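Data block below; observations after.
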2 protein chains.
Amino acid sequence: MASSTEENYLKALYNLSNGQGEVNISDLANGLKVSMPTANSMVKSLQKSDWVIYEKYKPVILTPKGQKEAALIVRKHRLTEMFLVKKMGFGWEEVHEVAEQIEHIHSPKFFDRMDEMLGYPTIDPHGSPIPDNQGRMKEFSYTPLSACKPGQEVQLTALTNSSAEFLEFLNSRKLSLGVHLKVISREAYDQSIVVSYPDHPIETLSEKASERLLVRILE
Amino acid sequence: MASSTEENYLKALYNLSNGQGEVNISDLANGLKVSMPTANSMVKSLQKSDWVIYEKYKPVILTPKGQKEAALIVRKHRLTEMFLVKKMGFGWEEVHEVAEQIEHIHSPKFFDRMDEMLGYPTIDPHGSPIPDNQGRMKEFSYTPLSACKPGQEVQLTALTNSSAEFLEFLNSRKLSLGVHLKVISREAYDQSIVVSYPDHPIETLSEKASERLLVRILE
DNA sequence: CAAATTTGTTAGATTGTTCTAACTTATTAC
DNA sequence: GTAATAAGTTAGAACAATCTAACAAATTTG
């Protein structure tokens, strides 16, 4: 069984995996806020337990076993976030830290009951998909708001970044998942986007913000 | 801030404290399933952080700071047990292990919300008192069923032992907190006690079991 | 392509938590 | 009240997870 530390490494590798599923030691070290030698030695030990494939000077790759393990930790994290928001009255900007701790709890029943009480959700409070209990996850292909054209009507569906600061920014603009937005215009000089939505006839969103808002385009 | 390991030592010291509030190293080691040298060295380090008073060859004593810290961990444990039983459909025999893990979560809001959702309970699913958020705990003085006399009517109120095996034994006899029992007789030769309660006109309980059942005597 | 930069590795130390073996102090029993 | 037993301590080692300093490989850049 993986220690909490090992679980954190697996999760980081899972989240940092690109198309090839490869992760650099420096990105891993960075993501976990540890030194490169620390990441390096941990990767060697993960390899011994068959969680990753690793060769000197090559990027790290999760094995199928490692991928599944990581997905199940992500599952526990996202179920927990949903539970905290839907059942315990937390704001979506408050759940990350607690979920980082609760994801390491070993109790299938605890998470199965959350799942059941939530009606088997497929996304977390930030729109990220929740892997199923086999570690499989549906990939969604959403469009960043930054890529939308004036005149388009879209629905806010997910976020690419869920930092507390960004979530509080969205709160202050009354932007939550599900909101219908109409793209009014886009400023050519700074790529900011002007949108309109219920109770907010005109709202300007910076390029930085609009890149992080994922939308589904309506007819 | 205490590590999870330190929190476990504080909790063990709290639970093992007798009237004098003193705990032997060997009892501590035993309770935590570690060797005596391990317990010894940990106690020395707890002393450095002012959680305990300790002198060579003397029993360990929690400082007021240590007592409060320990009580707050016990609070988190017992609130969690109550939450799992009342809100998440766990049986009272299933909650201990999970609560042992969740008690180390650092999130005042998480436990405050449990408390609120439960209506500020004062006892856990096994009848043990829940310390308040200042670490204060009401002491109840219940009578063990083993000390009751034939003819007495009592109400099952708490347990001195909450092992899964004992709880499953109680489940099999349909004995739960709140049940009204009438003491029918007591066998002189083995101190077993015969009781009667709804749907169980005659049930014999061994001395071992009846010592662990705490009751409130009804008029 | 050679120099500069970035990335990755090794060596060695540190901290926390644990152990066993050997020894000492305290307690119990005759 | 000494001898046997129990309880407690010290010393020394091990493992996990971390660090810094120094060095090596790979990549980027002029």
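These numbers come from a predicted model, not from an experiment. The sequence lines fix the lettering, A, B, ..., with proteins before strands; numbering per chain opens at 1.
With 3.5 Å as the limit, one finds no donor-acceptor pair spanning the side chains of N133(B) and Y120(B). No donor-acceptor contact under 3.5 angstrom links the side chains of S26(A) and N24(A), judged on distance only. Side-chain contact check for W92(B) and D124(B): no donor-acceptor pair (N or O, by modelled atom type) lies under 3.5 Å. Side-chain N/O atoms of N8(B) and H104(B) include a donor and acceptor closer than 3.5 Å. For the 3.5 Å distance criterion, the side chains of H106(A) and Q101(B) fail to qualify, holding no donor opposite an acceptor.
Residue N8(A) contributes atom CG, which lies 17 Å from atom P of dA16(D) at whole-angstrom precision. Atom C1' of nucleotide dA7(D) and atom CG of D27(B) are separated by 10 Å, given to the nearest angstrom. Here the P atom of nucleotide dA17(D) and the CG atom of L28(A) are 14 Å apart, to the nearest Å. Look at CD on Q47(A): it is 11 Å from P on dT9(C), rounded to the nearest Å. Between I25(B) atom CD1 and dT10(D) atom P there is a gap of 11 Å when expressed in whole angstrom units. Spacing between atom CD of E55(A) and atom P of dA25(D) amounts to 16 Å, rounded to whole angstrom units. With rounding to whole Å, K58(A) atom NZ is found 15 Å from dT9(C) atom C1'.
For the atom pair OG of S107(A) and CD1 of I102(A), the computed distance is 11.5 Å after rounding to the nearest 0.5 Å.
Taking the six-membered ring where the residue is Trp, the centroids of H96(A) and H77(A) are separated by under 6.0 Å.
Side-chain atoms of L214(A) and T143(A), non-hydrogen and from C-beta on, never get closer than 4.5 Å to each other.
For the helix from dC1(C)-dG30(D) to dC30(C)-dG1(D), the angle separating the two terminal helix axes comes to 10°, with each axis derived from five pairs and the value rounded to 10°.
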Quiz item: Which letter, B, S or -, goes with each nucleotide of nucleotides 14-29 of chain C from 5' to 3', with contact meaning a protein heavy atom under 4.0 Å?
Solution: ---SBBBB---S----

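The local environment of CD in Q191(A) is crowded, with over 12 non-hydrogen atoms from other residues, nucleotides or ligands closer than 6.0 Å.
Residue K44(A) places no side-chain N or O under 4.0 Å from the OP1 or OP2 atom of dT9(C).
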